[in-house]
Amino acid sequence: MSDADSAKSPYPWRMDDLVSLCTRRGFIFPSSEIYGGINGFWDYGPLGVELKNNLKAFWWQRVVRERDDVEGLDSSIICHPRTWEASGHVEHFSDPMVDCRACKKRFRADQLDEAGSCPAREGTSEHDFTEARRFNLMLKTFIGASEDAAAVAYLRPETCQSIFTDFRRVKDASRQKIPFGIAQIGKAFRNEINPRNFTFRSREFEQAELEFFIHPSEREKWFAHWLEERQRFHRELGFIAARLRVRAHTADELAHYANAAADIEFLFPFGWQEIEGVHDRGDWDLRRHTEYSGKDLSITDEETKERFTPLVIETSVGIDRTALALLVNSYEEQTLPDGETRTLLRLPPAISPIKVAVLPLSKKLAEPAQKLALELRRRFSTFYDESGNIGRRYRRQDEVGTPFCVTYDFESGTDGRVTIRERDAMTQDRVPLEGVQAYLRDRLEIVL
Ligand code: GAP
């Protein structure tokens, strides 16, 4: 982010500070870093992978497990290439692109305000743009030994197409009736012209998508239902009203498959940006796959005997974008009464990578403290740290969002109690050793 951007940021800290925390503490860092990185690709380190897994588990819990009208799927990333002809991606999935003749950089023609000044032109800082042309965002690969056109395949640009091609199989196997949904979490790939804003626009990312199949008479009802459900999910993550909004798409910005769409947007340091899309895809996908595969994907209502192609309401959330929104939303730099700065991530405890840190006051107390850590590890993501002064150890946990620290001190051996410190209020409770699990369970279960 440039200085000009950070000057406009609604947050009292710089995006660079959060990026630096993510790198330093092993949340997220550039992929292939030792080779100078690769633009648009990121690696999630030990804490990042826990954060992301917790977020995905929470989505799966709310969208799949808690409902009897949604089934899960984990399909292959590479599908039959005809899938992408049927879906319209070969023909339509492109962004307008321009080149600067002077500095040779590429930009999205619809985002030229992000282009900045041209470093290569004398006497002017303006770029010398070519005419805009379409650039297909799908990443290609080859299947099998020959690299001829017959073997071309695509890395999926959205996870949902297999949900449509597997629709009949999943419906029959699960004995579901309309209305019902199929959900999946997985990697998607887009050859973005201009990846930027840390992980926000990447070339490899994860989506959590739900395709909900309905009768044509109920499209408004289900669109409204899922738009509300999905906002509730983001509110549960702690995104307050001032940082969350819904923006309906105008007719000219609708994707090729959508009849109506609304973005759920989060207020990032670089402005309001989409984290989730809710789309009315109509019968576009099932109709097109019926046409291209020759397999009829319409259904018969058992009661009315009506034959129809179900319509689809889709919810599609970016896991990486939501993880970034969670980091932005929870990052805080506090000045304490003693003048010291405390950096903390106020992550919802259920999403925090580490739930509890066990900290013996002295290395001499390592044995009983390690025993406690071993017990806690069976139930909670637990971190053990015996080095450095206790204040510094608390700060290290605050910085990565650990909601509870358990301190084993010199009295613990005689009174059988430990001190549990809470991250946000920094309050401390003295709790019997045998009550630690229950104490944490009570506070970690409510959470979100
Ligand atoms: N199946 C519908 C679909 O893919 P989309 O609005 O293109 O819709 C859905 O993408 C979500 O996927 C977005 O709201 C965003 O969170 C995430 N996403 C899309 N492109 C992304 C990118 N280049 N980097 C990171 N996340 C991305």
Side-chain angles (χ1 to χ4, degrees), residues 28 31 39-42 44 52 55-56 59 73 75 77 79 83-84 87-89 92-95 108 110-111 114 135-139 154-165 181-212 223 226-227 230-231 233-234 237 239 244-249 253-266 268 270 272-282 284-286 288 312-328:
I28 310 171
S31 166
N39 197 7
F41 296 89
W42 299 93
Y44 287 75
K52 221 158 114 151
L55 176 59
K56 289 189 279 187
W59 185 88
L73 181 72
S75 70
I77 286 175
C79 316
T83 307
W84 306 107
S87 69
H89 284 78
H92 299 289
F93 196 58
S94 56
D95 278 338
R108 261 173 73 166
D110 56 347
Q111 290 174 350
E114 295 179 3
F135 173 74
N136 194 295
L137 299 182
M138 282 199 292
L139 278 155
Y154 300 97
L155 302 187
R156 62 186 179 195
E158 56 177 7
T159 62
C160 61
Q161 285 304 321
S162 301
I163 295 182
F164 303 124
T165 55
I182 305 176
Q184 125 154 289
I185 301 177
K187 291 266 187 177
F189 302 81
R190 295 183 190 178
N191 199 3
E192 297 284 357
I193 296 167
N194 218 349
R196 57 176 285 142
N197 286 329
F198 198 22
T199 56
F200 179 81
R201 198 188 304 144
S202 311
R203 289 179 166 140
E204 174 177 337
F205 54 94
E206 273 185 287
Q207 292 183 316
E209 299 201 295
L210 165 72
E211 309 302 317
F212 200 75
F223 188 87
W226 281 109
L227 187 56
R230 298 307 305 145
Q231 288 177 79
F233 176 89
H234 293 293
L237 289 179
F239 301 160
L244 200 65
R245 73 177 187 192
V246 171
R247 194 182 64 79
H249 279 206
E253 61 178 322
L254 287 174
H256 64 269
Y257 51 74
N259 295 296
D263 287 346
I264 300 178
E265 296 185 335
F266 177 79
F268 285 95
F270 41 87
W272 285 102
Q273 298 286 345
E274 169 190 350
I275 50 175
E276 172 150 12
V278 179
H279 308 123
D280 174 346
R281 295 181 77 120
W284 165 266
D285 303 276
L286 291 185
R288 293 274 292 197
V312 171
I313 304 299
E314 169 183 77
T315 72
S316 176
V317 65
I319 294 297
D320 309 80
R321 282 192 188 177
T322 308
L324 183 59
L326 273 162
L327 290 165
V328 165

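Bear in mind the structure is a predicted one, so any value in this text is a computation, not a measurement. FYI, side chains are in, hydrogens and waters are out, and symmetry mates aren't considered; it's all heavy atoms of this structure. Numbering of ligands and ligand atoms starts at 1, following listing order.
Checked by distance only, ligand 1 and Thr199 stay at 3.5 Å or farther apart across all their nitrogen or oxygen atoms. Considering backbone and side-chain atoms alike, Arg190 places an N or O below 3.5 Å from some N or O of ligand 1. By the 3.5 Å distance cut-off applied to N or O atoms, Ile275 is counted among the residues near ligand 1. By the 3.5 Å distance cut-off applied to N or O atoms, Cys160 is not counted among the residues near ligand 1.
Residue-level proximity to ligand 1 for Trp42 is absent, since no heavy atom of it falls below 4.0 angstrom. At a heavy-atom distance under 4.0 Å, only backbone atoms of Glu276 (N, CA, C or O) approach ligand 1. When heavy-atom distances to ligand 1 are checked against a 4.0 Å cut-off, Arg203 has no atom that comes that close, whether in backbone or side chain.
Closest to atom 11 (C) of ligand 1, if we only count protein heavy atoms, is Ser316 O, 3.7 Å. Atom 25 (C) of ligand 1 has as its closest protein heavy atom Phe200 O, 3.2 Å. At the shortest separation from atom 18 (N) of ligand 1 among protein heavy atoms lies Phe205 CE1, 3.5 Å. When only non-hydrogen protein atoms are considered, atom 24 (N) of ligand 1 lies nearest to Ser202 N, 3.0 Å. When hydrogens are left out, the protein atom nearest atom 12 (O) of ligand 1 is Gln207 NE2, 3.2 Å; that is the closest non-hydrogen contact. At the shortest separation from atom 26 (N) of ligand 1 among protein heavy atoms lies Arg321 NE, 3.3 Å. The protein heavy atom nearest to atom 17 (C) of ligand 1 is Gly318 CA, 3.7 Å. Remark: minimum distance from atom 13 (C) of ligand 1 to any protein heavy atom is reached at Glu274 OE2, 3.3 Å.
Heavy-atom separations between Arg281 and ligand 1 include at least one value shorter than 4.0 Å.
With rounding to the nearest 0.5 Å, the separation of CZ in Phe189 from OG1 in Thr159 is 11.5 Å. For the atom pair CG (Leu73) and CD1 (Ile185), the distance works out to 11.5 Å, reported to the nearest 0.5 Å. Rounding to the nearest 0.5 Å gives a distance of 6.0 Å between CG of Asp320 and OG1 of Thr199. Phe93 contributes atom CZ, which lies 11.0 Å from atom CZ of Phe135 (distance to the nearest 0.5 angstrom). Annotation: the span from Ile28 atom CD1 to Lys52 atom NZ amounts to 8.0 Å, rounded to 0.5 Å.
Close approach of ligand 1 to Glu158 (heavy-atom distance below 4.0 Å) involves ligand atoms 1 (N), 2 (C), 3 (C), 4 (O). Of all atoms in ligand 1, numbered sequentially from 1 with element shown, those under 4.0 Å from a heavy atom of Glu209 are 1 (N), 2 (C), 3 (C), 4 (O). Numbered from 1 in the order shown, with element, the atoms of ligand 1 that lie under 4.0 Å from a heavy atom of Tyr257 read 2 (C), 3 (C), 8 (O). Close approach of ligand 1 to Glu314 is summarised as follows: ligand atoms under 4.0 Å from at least one heavy atom of the residue are 1 (N), 2 (C).
Using bins of under 30°, 30° to 60° and over 60° for the plane-to-plane angle, the ring pair Phe239/Phe266 lands in the tilted bin. Between His92 and His256, the ring-plane angle classifies as parallel under the 30° and 60° cut-offs.
Looking at Glu204 and Ser31, their side chains never come closer than 4.5 Å, going by heavy atoms from C-beta outward.
A donor and an acceptor atom, one from each side chain of Arg201 and Gln111, are located under 3.5 Å apart. Between the side chains of Thr83 and Gln161, not a single donor N or O lies within less than 3.5 Å of an accepting N or O.
Of all the heavy atoms in Val328 and Phe268, the pair that sits closest is CG2-CD2, 4.2 Å.
A salt bridge links Glu158 with Arg281; the closest basic N to acidic carboxylate O contact falls under 4.0 Å.
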